[in-house]
Amino acid sequence: MTTAFDKLARPIQRWIRSQGWRDLRDIQVRSITAISDGTSDVIIAASTAGGKTEAAFLPLISQVIADEEAVGGFDLLYVAPLKALITDQANRLEAMCQEAELPVVPWHGDVSASIKARAVKRPRGVLLITPESLEALFMRRGLEIPRLFRSLRAVILDEVHTMLDSERGVQLRSQLTRLELAIGRPIRRIGLSATLGDMDQARIYLRPDNAASVQVIEAQGGEAELRLQLRGYIAGGDDKSLPPPTDLIAKHLFDHLRGTDNLAFAGSRQSVEIYADRLRALCEDARLPQEFYPHHASLSREHREAVERRLKDGKLPTTAICTSTLELGIDIGDVSCVAQIGAPFSVASLRQRLGRSGRRAGKPAILRQYAIEAKINAKSSFADRLRLGLLRSIAMIDLLLEGWCEPARTGALHLSTLVHQILSIITERGGANAPRLYRMLCQDGPFRQVSPAIFADVLRAMGQCDPALIEQASDGLLLLGPMGESLTSHYSFYAVFQTPEEYRLIAEGRELGTLPIDNMVAPGMMIIFSGRRWLVQEVDDQGKVIIVTHAKAGAPPIFGGDAGMIHDVVIERMFDLLNRDDVPSYLDPTARELLAEARSDFSRMQFPSSRIAEIGEGAWIVATHCGTVKTTTLAFALRSRGFTVQTFDGFLEVMTGRSSCDLVAALGSIAEGAECHLFAADANLTTEKFHPYLTQSLLEMDALSFRLDQLSLPSLARSVLGLPSEYI
DNA sequence: GACCTGCTGCGGCGTG
């Protein structure tokens, strides 16, 4: 029998020996066999630093080397969501490809135009690119695409879980279809990930027309031991002499993380600033060198890279207080512990974060979860009483331990991204006809939920906005309109996602980072930024610049953001926790106390037997037992009937408002399937980049396909009312 | 009720 090693080309075998590897990892052996012996698409699922990149590239590069009939063109295409990942992988592949004299070409916004020009002139080897740069290639060099990619053997999609049903994911899938159509044959797809919730779904994503043929190679076990603790804190107590929870948590982090490398996820940029400020002060008070640094997307690249370098080289102990900026990305080495302040928004991201800890053999992964809950008094809201943040933290940790994580949400129309792709294809080809666009994007491509009628409406909307995005020539060919010309000719077009306008923050001539433009900032104000305190000297509205100097006090700015989407399974688990009486072993005494209080308040509100509790004249709490999408849909339906509604995790707070109607009667009519218009006249539905060019009815359709779930309404109302679920 | 990601072509100037 031939071993996996024997299947590899000589130069690759030499490279492996030069690395001093004693043997190949199991995932690599299985991947080499699958990729060398077969032709099917492959998903390689293994934890961070599990050797996935080599598992894919060792056999693929071997095949390229063995092929002696090269006619020119790139041999392999690697697509990743981050520039830093591309730079990192290019360096790793460089050595592997050197012996075989195969070029490795990193291609993103920071790569010089001369390197790109050379690669286009003589395309060979491995091209590593972002979806945005690939979009630019299609639009600026559309005619050259067949020549550049005619010999392509495979496309490797890194961190494929971040690309499943996101705007960028749909863009990438569309690009893959366009690539296959351009060269006239299918291209093998290899997906890499550490965090896939549902393998069958990932198969469908990777090859929608033949999902069954996709081979999945999953790393076996090998999960490090997990040590975890959840600490509870109470905010707003009567005793003003007690320090607030932020100070207590900062002190706890200071005492337990000092001297080692750690990641502390604080949940928002504002919290990152608060904790970084407290921890810096604690180091100064103790006359110790700084080792706690803030890290989030508004900080300057210079500052962020310095923190990453400190973590990676491992010489000085470093803790990054961070947002999801450090969840994904380049290898920053092993960290001792991952701290999570406040409930995370998804189990998938918690899993990804924990993947950064305990990777060295024999060392446990450590998760420190901190939960802050309000002190209860007579005026406390039900949401405070039920400790929803603590419950969500416990629910997510339990689901993590069970190996579950959120699958992608399917079924979305993605109309904003569809507009983007229509404009891109028209630019690429200098024009396109509607039936062909429909075939490329909706039949062969990823927009399969879009019917011919909806597609026609989208084209009409693009033609009717003023100035028009597209126009039609007398022979029916679709061309760019004035607005289409203007959008596609600017480099900001390539990304499908929206980005807000920002101010640049400057101190002593150096850029600290950026602030969202909707922040109220005026000279004389004190702010906390980059873990330090500043006095605003000057605000230049034209140049979008804020000049600051050092200050003694300050408050952190507000960075804004959108609502999270909590999955149904997480909310169900939260209710399950309220109805049980066992206590997870990883809770500290305060957290145990908080959980016990939540449970007793829950039963006092008569919830275990009923789903509606009347809390006053014309005021109710409704337990939906559902995640954000369904709960929000019911809130929209009740609002459209005149109620005032606030949403919480798995609950609604409903008030009569201008409705004279009884809540039970309203739910009854929803349960019977009565028609209801969900959108108030002022509902803001333009959430994505190309939404401003669509009509109200298309925007409503887009929202209903993704952020709302109208079909679930009758059965949700029935279960809230305690009626048997409908027989279908 | 939050976070993250990305970007071309070309003119102008200096240097060898």
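Here is how names work: the chains are called A, B, and so on, in the same order as the sequence lines, proteins then strands, and each is numbered from 1.
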OP1, OP2 of [N] versus side-chain N and O of [X]: anything below 4.0 Å?
X: A:Thr130; N: B:dG6; result: no
X: A:Ser492; N: B:dC7; result: no
X: A:Arg168; N: B:dC4; result: no
X: A:Lys83; N: B:dC7; result: yes

Under 6.0 Å between the ring centres of A:Phe493 and A:Phe690?
->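 Yes, close enough.
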
Nearest-Å distance, [atom1] ([X]) to [atom2] ([N])?
X: A:Phe265; N: B:dC4; atom1: CZ; atom2: C1'; result: 12 Å
X: A:Leu299; N: B:dC3; atom1: CG; atom2: C1'; result: 14 Å
X: A:Ile115; N: B:dT8; atom1: CD1; atom2: P; result: 13 Å
X: A:Leu82; N: B:dC7; atom1: CG; atom2: P; result: 10 Å
X: A:Leu134; N: B:dG6; atom1: CG; atom2: C1'; result: 13 Å
X: A:Arg353; N: B:dC3; atom1: CZ; atom2: P; result: 11 Å
X: A:Met139; N: B:dT8; atom1: CE; atom2: C1'; result: 10 Å
X: A:Phe138; N: B:dG6; atom1: CZ; atom2: P; result: 20 Å

Between A:Glu511 and A:Arg301, is there a salt bridge with N-O shorter than 4.0 Å?
->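 Salt bridge absent between A:Arg301 and A:Glu511.
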
When you check the side-chain N and O atoms of A:Tyr494 and A:Arg140, is any donor under 3.5 Å from an acceptor?
->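 Present: a donor and an acceptor within the cut-off.
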
Answer with yes or no whether the side chains of A:Ser193 and A:His161 bring together a donor and an acceptor at under 3.5 Å.
->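 There is such a pair between these side chains.
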
CD1/A:Ile615: more than 12 non-hydrogen atoms of other groups inside 6.0 Å =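 Atom CD1 in A:Ile615 is crowded, with more than 12 foreign heavy atoms closer than 6.0 Å.
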
Please determine, for the side chain of [X], which listed nucleotide ([options]) has the closest atom?
X: A:Phe345; options: B:dG9, B:dA2, B:dG6; value: B:dA2
X: A:His296; options: B:dC4, B:dC3, B:dT5; value: B:dC4
X: A:Lys116; options: B:dA2, B:dT8, B:dC7; value: B:dT8

On DNA chain B, check which nucleotide each of A:Thr499 and A:Gly267 is closest to and give me the residue with the more 5' one.
->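 Residue closer to the 5' terminus by nearest nucleotide: A:Gly267.
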
If you pin A:Thr628 and A:Pro81 to their nearest nucleotides in DNA chain B, which one's is more 5'?
->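 So the residue in question is A:Thr628.
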
Please work out if A:Arg304 contacts a base, only the sugar-phosphate, or nothing of the nucleic acid, heavy-atom cut-off 4.0 Å.
->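 Contact class for A:Arg304: sugar-phosphate only.
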
Donor-acceptor pair under 3.5 Å: do we get one between A:Arg140's side chain and the base of B:dT8?
->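 There is none.
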
Pair A:Phe575-A:Phe651, ring-ring contact (aromatic ring centres under 6.0 Å, His included): steps then yes or no | CA-CA 10 Å; A:Phe575 279 94; A:Phe651 289 94; 5.0 Å; yes

Would you please determine if the base of B:dG9 is stacked by A:Tyr491, with stacking meaning a centroid separation under 5.5 angstrom and planes under 30 degrees?
->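 No.
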
Ring stacking, A:Phe497 with base of B:dT5, under 5.5 Å and under 30°?
->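 A:Phe497 ring centre within cut-off of B:dT5 base, planes near parallel; stacks.
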
